[in-house]
Asker: 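Got a structure here, written out as structure tokens. Questions coming.
Within every chain, numbering begins at 1; the chains are lettered A, B, ... in the order of the sequence lines, protein sequences first and strands thereafter.
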2 protein chains.
Amino acid sequence: MKAVKVWQDLEKQPRKFGIEQDLHSAEIHLIEAVGHHAGVSVTDLAELMGVTKGAVSQTLKKLEGKGLVSKIADPDNSSRLLVHLTSKGKVAFYAHEHWHETMDGGFKEYFFGMPEEQLVFLDEFLDRLIDFFGKRR
Amino acid sequence: MKAVKVWQDLEKQPRKFGIEQDLHSAEIHLIEAVGHHAGVSVTDLAELMGVTKGAVSQTLKKLEGKGLVSKIADPDNSSRLLVHLTSKGKVAFYAHEHWHETMDGGFKEYFFGMPEEQLVFLDEFLDRLIDFFGKRR
DNA sequence: AAAAAGCGTATACCTGCTAAACAAAGGAGC
DNA sequence: GCTCCTTTGTTTAGCAGGTATACGCTTTTT
């Protein structure tokens with residue numbers, strides 16, 4: 001399970017994405033979620049990410065401090081806040097997306113170039129792998 | 001990358017392994033390492049696990065508090081401590097090992113029952129996957 | 001003998017999370 | 001309109017797991 005370890009370490013590492021500040025893993029994940037769901041509420045974000053709304057609120061505060069997201073009151077319900085990316089937040093979002101695209105490039109090419117037979121096999125293998133992990137819960 | 005997420009969540013979950021107390025992930029990992037390398041030093045453990053010796057020292061303190069490991073002075077070098085499992089620690093170790101064995105059973109059977117051709121393919125696939133992750137550092 | 005290197009610990013601090021208490025807003029029933 | 005309950009987001013305390021650093025002690029090197 002070396003790949004998992006590599007992946008974990010990687011994901012934890014803070015990085016800059018076209019902006020001056022470092023973005024930590026929880027932050028860039030939130031940026032991604034907001035980028036893909038503009039105008040989402042805090043509670044919905046928590047649901048989306050599988051954490052408590054308190055956790056989202058905390059990370060959101062940091063992102064607001066860095067000027068990457070903004071919250072505006074929902075005109076239909078003033079107890080709900082709608083979260084958006086600022087222009088600076090969008091820079092980070094697109095930088096991260098682009099980085100994914102280019103990095104994924106070679107792998108995707110390899111992946112989708114695989115013969116049907118191997119894809120079927122891989123599919124089953126990964127199913128079993130996930131099932132195997134699932135049993136350990 | 002669903003498998004990674006499942007794995008991560010799983011690994012974080014505390015569990016009892018034949019003893020009364022819960023063992024957290026860092027603790028059971030350390031138990032595993034000590035179980036496989038009886039009489040190892042703190043620094044070596046840190047090296048082995050890829051964390052600082054401070055981290056090992058802290059986790060070790062918890063395990064000592066739970067009565068799972070003991071440290072004895074190296075007779076050849078009194079600045080070095082040799083870490084061992086107590087009998088209670090061995091219970092946890094073997095419980096964890098056994099659990100792995102039985103849980104891994106079906107998967108291993110499947111895995112080692114694969115035709116050579118698919119094993120070769122899988123090997124290359126995982127290499128590429130690891131390489132792909134590696135590029136992102 | 002003195003300096004340097006190695007070992008383990010303690011401490012301050014960090015990320016990321018949960019749980020619980022809370023204030024403010026919204027909605028249902030009367 | 002008024003009360004009661006729910007929903008929404010924030011704050012706080014605390015936990016897990018980690019790093020970096022300073023420290024005391026032992027061992028090794030010079």
Asker: Under 3.5 Å between N/O atoms: give me all the protein pairs with nucleotides 2-4 of chain C, atom names plus distance.
Answerer:
none

Asker: Quick one: pull up NE2 in B/His29 and CG in B/Leu23 and give me the separation to the nearest 0.5 Å.
Answerer: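 Between B/His29 NE2 and B/Leu23 CG, I get 11.5 Å after rounding to 0.5 Å.
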Asker: Is there a side-chain contact between A/Leu48 and A/His37, using heavy atoms and a 4.5 Å cut-off?
Answerer: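 Side chain of A/Leu48 against side chain of A/His37, heavy atoms only: contact under 4.5 Å found.
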Asker: Which heavy-atom pair separates A/Thr59 from A/Ala26 by the least distance, and what is that distance?
Answerer: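 Smallest interatomic distance, heavy atoms only, reads CG2-O, 3.8 Å.
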Asker: Can you tell me the distance, in whole Å, between the CZ atom of B/Arg80 and the C1' atom of C/dA5?
Answerer: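 B/Arg80 atom CZ is separated from C/dA5 atom C1' by 13 Å.
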Asker: Where do A/Pro75 and A/Leu82 come nearest, in terms of heavy atoms and distance?
Answerer: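 Scanning both residues, the minimum pair turns out to be CD-CD1, 4.4 Å.
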Asker: Suppose we screen for side chain to side chain contact (heavy atoms under 4.5 Å, CB included). Which residues come up paired with B/Glu32, at least two apart in sequence or across chains?
Answerer: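 So B/Glu32 forms a side chain to side chain contact (heavy atoms under 4.5 Å, CB included) with B/His36, B/Phe93, B/His96, B/Glu97.
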Asker: Between B/Lys53 and B/Lys62, which residue's closest nucleotide on DNA chain D lies nearer the 5′ terminus?
Answerer: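 Looking at the nearest nucleotide for each, B/Lys62 comes out on the 5' side.
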Asker: Should B/Ser57 be listed as having a side-chain N or O under 4.0 Å from OP1 or OP2 of C/dT9?
Answerer: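 Checking C/dT9 against B/Ser57, a side-chain N or O does come within under 4.0 Å of OP1 or OP2.
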Asker: So do B/His84 and B/Ile72 actually touch side chain to side chain, heavy atoms under 4.5 Å?
Answerer: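 Yes, at least one pair of side-chain atoms sits under 4.5 Å.
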Asker: Do the non-hydrogen side-chain atoms of B/Phe17 and B/Val91 ever get within less than 4.5 Å of each other?
Answerer: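 Answer no - side chains too far apart.
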Asker: Would you call A/Leu85 and A/Leu68 a side-chain contact if the rule is heavy atoms closer than 4.5 Å?
Answerer: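 Answer no - side chains too far apart.
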Asker: With rounding to the nearest 0.5 angstrom, report the CG to CD distance, A/Leu63 to A/Glu27.
Answerer: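 Nearest 0.5 Å value for the CG-CD distance: 5.0 Å.
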Asker: Looking only at non-hydrogen atoms, find the nearest pair between B/Ala33 and B/Leu45 and report the distance.
Answerer: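 So the minimum-distance heavy-atom pair works out to CB-CD2, 3.8 Å.
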Asker: Mind running a 4.0 Å heavy-atom check of residues 69-78 of chain A against DNA chain C and sending the residues that fall below it, in number order?
Answerer: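 Residues of residues 69-78 of chain A under 4.0 Å from DNA chain C: A/Asn77, A/Ser78.
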Asker: What contact category does B/Ala26 fall into here, base, sugar-phosphate, or nothing, at under 4.0 angstrom with non-hydrogen atoms?
Answerer: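 Sugar-phosphate: the residue B/Ala26, judged by heavy atoms under 4.0 Å, touches backbone atoms but no base.
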Asker: Taking all non-hydrogen atoms of both residues, which atom of B/Ile19 and which atom of B/Ala92 are closest, and how far apart?
Answerer: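 Result for this residue pair: CD1-CB, 4.3 Å.
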Asker: For the pair made of CD in B/Gln13 and P in C/dT18, what is the distance, rounded to whole Å?
Answerer: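 Checked: the CD to P distance equals 13 Å.
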Asker: OP1, OP2 of C/dT15 versus side-chain N and O of A/Ser25: anything below 4.0 Å?
Answerer: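 So the side chain of A/Ser25 is outside the cut-off, no N or O lying under 4.0 Å from OP1 or OP2 of C/dT15.
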Asker: Just checking B/Lys90: does its NZ atom have more than 12 heavy atoms from other residues, nucleotides or ligands closer to it than 6.0 angstrom?
Answerer: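 Open: at most 12 neighbouring heavy atoms sit under 6.0 Å from NZ of B/Lys90.
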Asker: Atom pairs under 3.5 Å, N or O on each side, protein against nucleotides 11-14 of chain C: can you list them with distances?
Answerer:
| unit_1 | atom_1 | unit_2 | atom_2 | d |
| --- | --- | --- | --- | --- |
| C/dT11 | O4 | B/Gln58 | NE2 | 3.4 |

Asker: Could you pull out the closest heavy-atom pair between A/Gly18 and A/Ala95, with the gap in Å?
Answerer: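 Distance-wise, the nearest heavy atoms are N-CB, 4.2 Å.
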Asker: With a 4.5 Å heavy-atom cut-off, do B/Asp22 and B/Arg15 have their side chains touching?
Answerer: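 The answer is no; the side chains never approach within 4.5 Å.
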Asker: Between B/Lys88 (side chain only) and B/Val69 (backbone N and O only), is there a donor and an acceptor less than 3.5 Å apart?
Answerer: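 Flag not set: sc B/Lys88 to bb B/Val69 has no pair under 3.5 Å.
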Asker: For DNA chain D, note the earliest and the latest nucleotide, 5' to 3', having some atom under 4.0 Å of a heavy atom belonging to chain A.
Answerer: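 That gives a stretch of D/dT8 to D/dT12.
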Asker: At a heavy-atom distance below 4.0 Å, what parts of residues 30-48 of chain B sit against DNA chain C?
Answerer: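 Heavy-atom contacts with DNA chain C come from B/Ser41, B/Val42, B/Thr43.
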Asker: Keeping the roles fixed (side chain from B/Ser41, backbone from B/Leu81), state whether a donor-acceptor pair exists under 3.5 Å.
Answerer: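 Checking the backbone N and O of B/Leu81 against the side chain of B/Ser41, no donor-acceptor pair under 3.5 Å is found.
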Asker: In whole angstroms, how far is the P atom of C/dT15 from the CZ atom of A/Arg15?
Answerer: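 A/Arg15 atom CZ is separated from C/dT15 atom P by 17 Å.
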